[in-house]
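Presented below is the structure to which this report refers.
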Amino acid sequence: MTKISISKCSSYHEEDVQRAVNQCLEDLGGLSSFIKEGNKVLIKPNVLQARKPEEAVTTHPAVIEAIIIAVKKAGAVPLVGDSPGGLWLSLGKHWKKTGIGEVCSKYDVEIVNFEASGVYEKQINGNAYHITKPVLDVDFVINVPKIKTQGLTKFTCAIKNMYGTVPGLIKIEYHKRATNPYDFSRIVVDIFAITKPNLNIVDGIIGMEGTGGPSSGDPIELGMILASADGVALDSYICHILGKDPLEVATNKIAYERGLGEANINEMEILGFQPPVRNDFKWPSNIMNLLPSFITRGMWRIIWQRPVINSDLCTDCQQCIKNCPVEALTSGVNIPEFNYKECINCLCCIEMCPQKAISLNKSLLARFVTRGNG
Ligand code: SF4
Ligand code: SF4
């Protein structure tokens, strides 16, 4: 049976989070049963954008702090690193705004710059991927995702969080290889397989729901910390308690079929708190996830979705232009302009807009098909 430990935690107060993280680790046999004294341990949060902790876009610093304390207590050396979306010469703003930088300074923990550490080229399933070196050089990786919806893959947690080990704009390049959500999920799983974390600790205290996830959805109280050595099992179990068949999420299905972890709820042993299954979680409503691409392609005149910019919110920062993999966005008079003929609906522009200024506009028929989803 695959072990998942869960601890109730309804606030980000340091003591509450430390108690919950420690309980989860103890239930799994203690962190010392995973790591040895002197090991270099990379802690990989989700730092998608430079956003404040209360916006629920990034892993909360209190969770990172609790893990740093536990790693140090086990006699190992913690490091922290991530590569946000977009191209950034310095990530100082990201670490500062998310509060993770302050926690690292407090405990004298090195922040590793994934963008400037070089890459290893790794082959898997006939595809080559560039992965930042520190992730593969350290002795142990602790993946620390947050529970959020994701427009393209429906869900982002342990599996998708490892996509941030691909530095800078290479992430955008990989979007070009996949013109539908299932193909992109395969790429996400390839990267998870290459970087497979040794332990996963999930910030499930406040997650994000709705079509705007992972950056402009709605924060939702979930009230727990979860941990497991099996990231596929964690993602699958979380989907289950959020009212979704785990195998309806492509990253879970592909990872399970490749033998990267468990997705069968009956094969999981839940230690600690057993959360009830809820039916009020808002999943994203992306037409590309609900209909096969041959239907959306063949009926594009009547069934379509496209990103649109709210000019009242847009600051013309041009992040969306920089993050579009197919150059479907260009500078406009006051705000960027879309070339919808080029757009592959990857939703990167929505994900990377710091102002929540981009949303999905849908045709009447697309709205009808996606009704009840998000
Ligand atoms: S839509 Fe968002 S990302 Fe694009 S220019 Fe406006 S504020 Fe920036
Ligand atoms: S315009 Fe937005 S959704 Fe379309 S391809 Fe570019 S980033 Fe993706």
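All values derive from a computational prediction rather than experimental measurement. Because only heavy atoms are used, hydrogens play no part in the values below, and waters and symmetry mates are left out as well, while side chains stay in. Position 1 is the first residue of the sequence; numbering continues from there. Both ligands and their constituent atoms are indexed starting at 1 by order of listing.
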Notebook entry, point to check: What atoms of ligand 2 come closer than 4.0 angstrom to any heavy atom of Val326?
Noted result: 5 (S)
Check: Hydrophobic cluster mates of Ile309, side-chain heavy atoms under 4.5 angstrom, ILVMFWY only, any path?
Finding: Val308, Ile321, Leu329, Ile335, Phe338, Tyr340, Leu347, Ile350, Ile358, Leu360
Next item on the list: Look at Lys148 together with Asp203 and state whether they make a salt bridge at an N to O cut-off of under 4.0 Å.
Entry: no
Checklist line | Neighbour count above 12 (heavy atom, 6.0 Å) for Gln274 CD | finding: yes
Next item on the list: Could you list which atoms of ligand 2 come closer than 4.0 Å to a heavy atom of Cys349?
Entry: 2 (Fe), 3 (S), 7 (S)
Notebook entry, point to check: Got a sec, which residues hit ring-ring contact (aromatic ring centres under 6.0 Å, His included) with Phe140, two or more places apart in sequence or on another chain?
Noted result: none
Item checked: Nearest option to atom 1 (S) of ligand 1, as decided by whichever heavy atom of Asn334, Ile350, Ile358 sits closest -> Ile358
Notebook entry, point to check: Pick from Val71, Ile69, Val80: which one makes a side chain to side chain contact (heavy atoms under 4.5 Å, CB included) with Tyr107?
Noted result: Ile69
Margin query: Just to confirm my output: which protein heavy-atom neighbour is closest to atom 4 (Fe) of ligand 2, and how far is it?
Written below: Cys343 SG, 2.3 Å
Margin query: Please give me the protein atoms (N, O or S only) lying under 2.8 Å from atom 8 (Fe) of ligand 1, ordered by chain and number.
Written below: Cys317 SG
Check: Are any of the side-chain nitrogens in Arg19 or Asp16 under 4.0 Å away from the carboxylate oxygens of its partner?
Finding: no
Item checked: Numbering as shown, the atoms of ligand 2 that approach Phe338 to under 4.0 Å (heavy-atom distance) -> 1 (S)
Check: Should the pair Tyr129 and Tyr174 be assigned to parallel (<30°), tilted (30 to 60°) or perpendicular (>60°) ring geometry?
Finding: perpendicular
Check: Which atoms of ligand 2 are found less than 4.0 Å from any heavy atom of Leu347?
Finding: 3 (S), 8 (Fe)
Item checked: Basic-acidic side-chain contact under 4.0 Å: Lys253, Glu257 -> yes
Notebook entry, point to check: Which residue owns the protein heavy atom closest to atom 6 (Fe) of ligand 2, what's the atom, and how far is it?
Noted result: Cys324 SG, 2.3 Å
Notebook entry, point to check: So, Cys346 and atom 2 (Fe) of ligand 2: N/O/S under 2.8 Å, yes or no?
Noted result: no
Check: Which residues pass the ring-ring contact (aromatic ring centres under 6.0 Å, His included) test with Phe114, sequence neighbours left out?
Finding: none
Next item on the list: For the pair Phe155 and Trp283, name the ring-plane relationship: parallel under 30°, tilted 30 to 60°, perpendicular over 60°.
Entry: tilted
Check: To which protein heavy atom is atom 5 (S) of ligand 2 closest, and what is the distance rounded to 0.1 Å?
Finding: Ile344 N, 3.4 Å
